[in-house]
Structures are given as C-alpha cells and as structure tokens.
K.L.:
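Provided herewith is a single structure, encoded as structure tokens, for subsequent inquiry.
Values below: every heavy atom of this structure, side chains too, minus hydrogens, waters and symmetry copies. Here, residue 1 is the first one in the sequence, and each next residue gets the next number. Predicted model only: the values in this text are computed from it and were never measured.
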Amino acid sequence: MQVCRNVLIDPQLVPGGGATEMAVSHALTEKSKGMTGVEQWPYRAVAQALEVIPRTLIQNCGASTIRVLTSLRAKHTQEGSQTWGVNGESGALVDMKELGVWEPLAVKLQTYKTAVEVREPPRRQRRAVGPAAAPHLLLSPQTAVLLLRIDDIVSGHKKKGDDASKQPAAPDAAQD
C-alpha cells in the first residue's frame, strides 16, 4: 500500500533486481579510476557496498554468487545495459525493463540518504580554512551503533591485554 502511495506522490521509477545499484556502482568505479591516492577510496567503498543488493538476491536464489555477480559487472560495462539485474526467482541475469521489475526512485534515494549523509557543519562551527571547512560525513544510526560495538570489542581486547602485562613477573631464581 505504501508503494502505491509513493508512486502516486513521486511517479519516477528505477529498475529493480539490483540493476540500479550495479549501474551506480559501475559509475562510481569508473569515476574512481580517474583519481589517484586516497581520493578514490570513498568512491570504491560505496561502489563495493552497493553490490550487496544484487549479491544478496543471487544468494537468496541459490545461484553461484561469484559467477553471476561477475557476469552482472561485465554486463554493466556494455553500452545500454544499465537496466540488467538479477531475476529474484531464478538468479539469472535479465533486463529488468523487459521483466517489468521497477522500484520507486523516492524509496531508493531515501535508502541512500539514510545510509550515508554528507552535509556542511552548522554556520557557527564553520571556519574559513582547515578541516572544518570541508563537508562532514554523518553516519546512519545503524552504522554508528555498529562502530560503537566494534569500538567496545576493541577496547575490551586492549583491557585484557593491559591486565596481562600489569601482572607481576615471576620471581627470578638469581634474586634469592
């Protein structure tokens, strides 16, 4: 019912079956090839993260993940193949336009915005120069919680390691 509402409010559709994610992933990968050093890393990281959707579809169908995902990557390098995705029932590659699988653009955009959001800091915190002048990366709540959990695990391991190093050493026989 919400899908109908979303389509009526904003009738723009994009191909489903992971086709949109692969098309964006391919575009980001191509853009990163024109960059050097650490500038290319965020583009490649997001491109790799977007491939989770088609990978999950392939796994849920029981198809060979590596083979089908590699074929999908290769398909998206070809001109005019941006609408190709994964058939959710068979795991085969198909043109989503011909299959008639579409998703609302509004839902897709909101998903991307929720995952990672880039914005300027509030005006009172801006400076003319320095790192604060650059946009800041805001994480989704789920990502922030995950990072906090990882931080807790790492700090727990460090504490265990510190406790072992603080224990007194065994007395030396030469000291007696």
K.L.:
Going from CD on E21 to CG on L72, what distance comes out if it is rounded to the nearest 0.5 angstrom?
P.N.:
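With rounding to 0.5 Å, CD (E21) is 10.0 Å from CG (L72).
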K.L.:
Is the backbone N or O of M22 less than 3.5 Å from a side-chain atom of S25, with the two atoms forming a donor-acceptor pair by type?
P.N.:
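Looks like no, no N/O pair under 3.5 Å.
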K.L.:
Are V52 and V107 linked, directly or through intermediate hydrophobic residues, by side-chain heavy-atom contacts shorter than 4.5 Å (ILVMFWY only)?
P.N.:
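No: no chain of side-chain contacts under 4.5 Å links V107 to V52.
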K.L.:
Counting only heavy atoms not in E89, do more than 12 sit closer than 6.0 Å to its CD atom?
P.N.:
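Counting other residues, nucleotides and ligands, CD of E89 stays at 12 neighbours or fewer.
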K.L.:
Taking the side chain as every heavy atom from C-beta outward, state whether E51 and H26 have any atom pair closer than 4.5 Å.
P.N.:
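They are not in side-chain contact.
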K.L.:
Can you name the nearest heavy-atom pair linking P15 to E103, along with the distance?
P.N.:
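Closest heavy-atom pair between P15 and E103: O-OE2, 4.2 Å.
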K.L.:
Would you name the heavy atoms of C61 and G88 that are closest together and state the gap between them?
P.N.:
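The pair with the smallest heavy-atom distance is SG-O, 3.0 Å.
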K.L.:
Under a 4.5 Å cut-off applied to non-hydrogen side-chain atoms, are M96 and V94 in contact?
P.N.:
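M96 vs V94: side chains touch.
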K.L.:
Are the side chains of L105 and L13 in contact, using a 4.5 Å heavy-atom criterion?
P.N.:
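L13 vs L105: side chains apart.
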K.L.:
Please examine the side chains of N87 and L93, heavy atoms only from C-beta on, and report whether any two atoms are closer than 4.5 Å.
P.N.:
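No - every pair of side-chain heavy atoms lies 4.5 Å or more apart.
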K.L.:
Quick check: closest heavy atoms across P54 and G18, and the distance to 0.1 Å?
P.N.:
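Nearest pair, atom of P54 first, then G18: CG-O, 4.0 Å.
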K.L.:
Roughly how far, to the nearest 0.5 Å, is the CG atom of D95 from the OG1 atom of T83?
P.N.:
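Between T83 OG1 and D95 CG, I get 3.5 Å after rounding to 0.5 Å.
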K.L.:
Looking at I66, I'd like to know if its CD1 atom is crowded, meaning that more than 12 non-hydrogen atoms belonging to other residues, nucleotides or ligands lie closer than 6.0 Å.
P.N.:
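Open.
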K.L.:
Rounded to the nearest 0.5 Å, how far does NZ of K108 lie from CD1 of I53?
P.N.:
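Answer rounded to 0.5 Å: 6.5 Å.
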K.L.:
Rounded to the nearest 0.5 Å, how far apart are NZ of K31 and OG1 of T29?
P.N.:
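So the gap between those two atoms works out to 12.5 Å.
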K.L.:
Is the CD atom of Q59 crowded by more than 12 outside heavy atoms at less than 6.0 Å?
P.N.:
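Check passes, neighbour count above 12.
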K.L.:
Just verifying a value: how many Å separate R44 CZ and E39 CD, rounded to the nearest 0.5 Å?
P.N.:
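Output value for this atom pair is 12.5 Å.
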K.L.:
So, the side chain of H76 versus the backbone of W84: is there a donor-acceptor pair under 3.5 Å, distance only?
P.N.:
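Pair found, side chain donor or acceptor close to backbone of W84.
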K.L.:
Going only through I, L, V, M, F, W and Y residues with side-chain contacts under 4.5 Å, is there a path from L57 to L69?
P.N.:
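Linked, L57 and L69 end up in one cluster.
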K.L.:
Going hydrophobic residue to hydrophobic residue with side-chain gaps under 4.5 angstrom, can you get from W41 over to V24?
P.N.:
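No, because W41 and V24 fall into different hydrophobic clusters, even though each may have its own neighbours under 4.5 Å.
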K.L.:
Compare all side-chain heavy atoms of T20 with those of Y112 and state whether any distance is below 4.5 angstrom.
P.N.:
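In short, these two side chains touch, coming nearer than 4.5 Å.
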